[in-house]
Amino acid sequence: MELIKNLPEVFEEFAEQRQKSFLAMKGLKDQGVPVVGAYCTYFPAEIARAMGAVTVGLCSVSDETIPDAEKDLPKNLCPLIKSSYGFAKTDKCPFFYFSDVVVGETTCDGKKKMYEYMSEFKDVFVMELPNTQSEMALQLWKSELIRFKEYLEKKFGVEITDEAVLEAVKEENKVRKAMKDLYHVMALDPAPIKGGDLFKVLYGSGFKFDRKAIPAEIEAMKEKIEKEYAEGKRLDKMPRILITGCPIGGATEKVIRAVEDNGGVVVAFENCNGAKSFDKLVDEENPDVYDALARRYLNIGCSVMTPNPNRLDLLDRLIDEFKIDGVVEMTLQACHTYNVESLAIRKFVNEKKGIPYINVETDYSQADIGQLNTRIAAFIEML
C-alpha cells in the first residue's frame, strides 16, 4: 500500500489527531457508542472494546487548568495529575466530557486521591493495580480485570464474551506489531527521520478510534520511510539519544525539541507513549484470555513496580538495538516514583551499559526552556 501524501504531511496529521478526534468522538456519542476514558498504560482497553466501546486516553499535558486544580489539590503535586484533574473539573477536556466512565488505577498516591475527588462529578471505576509482579499479584490483577468486565456488563446492560475479548486482543496485537515495526526504522544509522516526527505518530495513534484501520496505515508509512531512506533521504549522522522517564506529550515535548535543536536525534522512547506500550503482545494462544491479558499488562515496566526488572530489560534491549549514545531521563516535578528510581536508571546506564546519562526535571510551564537547552546542548556536545 503506497501513501499518497508526503511524509511531513502524514506526521502533521498524526500531530493534529487529538484535536481532530474531538469531533469524531461527538459523532460516535451521537450514535450511542459507549466511551471509556483512562489514564494509564495498565488500562486493559481490550475488555472495553470487546463490548463495542471506544477507549481514549485522558491524561492532560498542558498547564492551562493547573490554577483551577490547585484550588483543590496541593501546589507541590505532579503537573500531570494537576492538569488532568483541572481539565476534568473545568469540563475543558471533550474526551473527559464524553466519557461514560473513567477508569483509574492505583499507581501512585496522587492519582488515587485524584480519582476519589473525580468520582464526586463523574462515574469512576478504580482498578486495584498491584505494585509487584509476583504470581500472587498476577492473581489479584486477573481478578481485577474480571471485576472490570462485570462492572461494564452491569453498567451498560451487555454481555462481554471471551470470544469478543479475544477478537479485541487480536486487533490490538496487530496495532502493537505495526507500531513496533514502525519505530524500529529508527535502528537505521544515520536515522531516517527526526524523533519528534516519530513521536507525533506514536502519540497521535492513541486518538485514532478505528483500530482496525491503523496497521495498514502504519505499515504504509514504514514502507515509505524505508523507500526514501534507500533513495538517500536521511538525516546527517548525529548523537543517538534515548528518552526515558515520565509520560511525554504536549508541554513536555520541549525535551524532544531540546535534544533535536541542539545536535542530537531521539531514536527511541522508553516511556508510556513509546516502546513500553507496544513492546509485548497478549498471548493469543492462552486458553484463558483474562490470564493472558493480566500477564501482558502486569509485566509493563513502570516505576510504580517494586522491584522493576522489566524496565531495565527493555532499556537494555533498546540501548543495544538502537545503538544509543546517551540517555536522557525526563522526570516531572513531584513524580516521586520516577524521581526515586532515577538513581537505579543512572547506575544501570552508566555502569552496566557504559554510556552517558542525564536527568532533567521539569513541569508543564515553558519557563525552563532556556535551561533545558543549555543542559542538553552540553550533554550532546560531550557525546
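Nothing here was measured: the structure is a model prediction, and the numbers come from that model. Just so you know, these numbers use all the heavy atoms, side chains as well, and skip hydrogens, waters and symmetry mates.
Residues Asn373 and Asn262 have side chains that bring a donor and an acceptor to within less than 3.5 angstrom of each other. Defined by atom type and a distance below 3.5 Å, a donor-acceptor pair is present between the side-chain atoms of Glu46 and Tyr297. Side-chain atoms of Asn339 and Thr331 include a donor-acceptor pair closer than 3.5 Å. With 3.5 Å as the limit, one finds a donor-acceptor pair spanning the side chains of Thr244 and Glu270. Side-chain polar atoms of Asp68 and Thr90 form no donor-acceptor pair below 3.5 angstrom. A donor-acceptor pair shorter than 3.5 Å cannot be found between the side chains of Ser99 and Lys122.
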Exercise for the section: Start with the C-alpha gap between Arg234 and Leu188, add the side-chain angles, then the distance that decides, and say whether side chain to side chain contact (heavy atoms under 4.5 Å, CB included) holds. Expected result: CA-CA 10 Å; Arg234 59 189 71 167; Leu188 293 166; over 6 Å; no
Practice task
Start with the C-alpha distance between Phe14 and Met221, add both sets of side-chain angles, then the distance that settles side chain to side chain contact (heavy atoms under 4.5 Å, CB included), and finish with yes or no.
Solution key: CA-CA 12 Å; Phe14 272 90; Met221 192 187 308; 3.3 Å; yes
Practice task
Determine, stepwise, if the pair Asn271 / Ile243 fulfils side chain to side chain contact (heavy atoms under 4.5 Å, CB included).
Solution key: CA-CA 8 Å; Asn271 51 21; Ile243 291 183; 4.3 Å; yes
Problem - Full working for side chain to side chain contact (heavy atoms under 4.5 Å, CB included) between Thr65 and Lys89 - result: CA-CA 9 Å; Thr65 63; Lys89 180 192 165 191; over 6 Å; no
Practice task
Could you check Phe87 against Phe96 for ring-ring contact (aromatic ring centres under 6.0 Å, His included), going step by step and ending with a plain yes or no?
Solution key: CA-CA 8 Å; Phe87 272 96; Phe96 186 90; over 10 Å; no
Practice task
Go through the steps for Asp368 and Thr362 under the test side-chain hydrogen bond (donor to acceptor under 3.5 Å, both in side chains), then give the verdict.
Solution key: CA-CA 7 Å; Asp368 63 349; Thr362 188; 2.6 Å; yes
Practice task
May I have the step-by-step check of salt bridge (Lys or Arg N to Asp or Glu O under 4.0 Å) for Lys237 and Asp189, ending in yes or no?
Solution key: CA-CA 7 Å; Lys237 186 105 174 91; Asp189 189 11; 2.8 Å; yes
Practice task
For Lys149 and Glu153, run salt bridge (Lys or Arg N to Asp or Glu O under 4.0 Å): C-alpha distance rounded to whole Å, both residues' side-chain angles, the deciding distance at 0.1 Å, then the answer.
Solution key: CA-CA 6 Å; Lys149 173 199 87 119; Glu153 287 179 324; 3.4 Å; yes
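For the residue pair Leu332 and Asp363, the shortest heavy atom distance occurs at CD2-CA, 4.5 Å. Across all their heavy atoms, Val36 and Ala48 have their closest contact at CG2-CB, 4.0 Å. The two residues Arg296 and Ser277 come nearest to each other via the heavy atoms NH2-O, 2.8 Å. In this structure, Pro34 and Gly52 approach most closely via the heavy-atom pair CD-O, 4.1 Å. Of all heavy-atom pairs between Lys20 and Glu13, the closest is NZ-O, 3.6 Å. When all heavy atoms of Met51 and Phe156 are compared, the closest pair comes out as CE-CD1, 3.3 Å.
Look at Asp100 and Lys155 and you find no salt bridge, because none of the NZ, NE, NH1 or NH2 atoms lies under 4.0 Å from a carboxylate O. Using a 4.0 Å cut-off between charged nitrogen and carboxylate oxygen, Glu135 and Arg295 count as a salt-bridge pair. With respect to Glu329 and Arg311, a salt bridge is recorded, a charged nitrogen being found less than 4.0 Å from a carboxylate O. Under 4.0 Å is where a charged nitrogen must lie from a carboxylate oxygen, and between Lys222 and Glu226 at least one such pair does. In this structure, Lys353 pairs ionically with Asp316, as a charged nitrogen and a carboxylate oxygen lie closer than 4.0 Å. Remark: Glu116 engages Lys113 in a salt bridge, criterion side-chain N to carboxylate O under 4.0 Å. Taking 4.0 Å as the cut-off between side-chain N and carboxylate O, Lys212 and Glu171 count as a salt-bridged pair. Taking 4.0 Å as the cut-off between side-chain N and carboxylate O, Lys227 and Glu223 do not count as a salt-bridged pair. Ion pair Lys82/Asp63 not flagged as a salt bridge, since none of the NZ, NE, NH1 or NH2 atoms sits closer than 4.0 Å to an Asp/Glu carboxylate oxygen. A salt bridge links Asp197 and Lys200; the closest N-O separation between the charged side-chain nitrogens and carboxylate oxygens is under 4.0 Å. Note on Lys112 versus Glu105: no salt bridge recorded, every NZ/NE/NH1/NH2 to OD/OE distance being 4.0 Å or above. Contact check on Glu128 versus Arg147 returns no salt bridge, with no Lys/Arg side-chain nitrogen under 4.0 Å from an Asp/Glu carboxylate oxygen.
Open room surrounds CD on Gln371; 12 or fewer heavy atoms of other groups in view lie less than 6.0 Å from it. Crowding of Tyr117 atom OH: a count of heavy atoms from other residues, nucleotides or ligands under 6.0 Å not exceeding 12.
For the pair Arg257 and Lys254, the minimum side-chain heavy-atom distance is below 4.5 Å. Residues Leu129 and Met305 have side chains in contact (heavy-atom distance under 4.5 Å, counting atoms from C-beta outward). The side-chain heavy atoms of Tyr290 and Pro44, taken from C-beta on, include no pair separated by under 4.5 Å. Side chains of Leu80 and Pro247 form a contact here, defined as non-hydrogen atoms less than 4.5 Å apart. For the pair Val328/Leu242, no side-chain contact is recorded, criterion being any heavy-atom separation below 4.5 Å from C-beta on. Side-chain atoms of Lys208 and Ser21, non-hydrogen and from C-beta on, never get closer than 4.5 Å to each other. Contact of the Thr252 side chain with the Tyr364 side chain is registered, since non-hydrogen atoms from C-beta on lie closer than 4.5 Å. Under the 4.5 Å side-chain criterion, counting only non-hydrogen atoms from C-beta, Ile160 is in contact with Val158.
For Thr106, there are no side-chain hydrogen bond (donor to acceptor under 3.5 Å, both in side chains) partners, not counting sequence neighbours. With sequence neighbours excluded, no residue forms a ring-ring contact (aromatic ring centres under 6.0 Å, His included) with Tyr85. Not counting sequence neighbours, the partners of Tyr203 by the ring-ring contact (aromatic ring centres under 6.0 Å, His included) test are Phe199, Phe207. Residues satisfying the side chain to side chain contact (heavy atoms under 4.5 Å, CB included) test with Leu281, not counting sequence neighbours, are Asn173, Arg176, Lys177. Every side chain to side chain contact (heavy atoms under 4.5 Å, CB included) that Ala191 has, sequence neighbours left out, goes to Met186, Leu235, Arg240, Val265, Val267. Residues that satisfy the side chain to side chain contact (heavy atoms under 4.5 Å, CB included) test with Lys347, not counting sequence neighbours, are Leu343, Glu351.
In terms of hydrophobic clustering, with Ile, Leu, Val, Met, Phe, Trp and Tyr side chains grouped at heavy-atom distances under 4.5 Å, Trp141 and Tyr39 are assigned to different clusters. Residues Phe43 and Met114 do not share a hydrophobic cluster, defined by chaining ILVMFWY side chains whose heavy atoms lie under 4.5 Å apart.
Tyr357 does not carry Arg346 over the face of its six-membered ring by the limits of under 6.0 Å from the centre and within 45° of the normal.
Between the CD1 atom of Ile380 and the CZ atom of Arg375 there is a distance of 12.5 Å, given to the nearest 0.5 Å.
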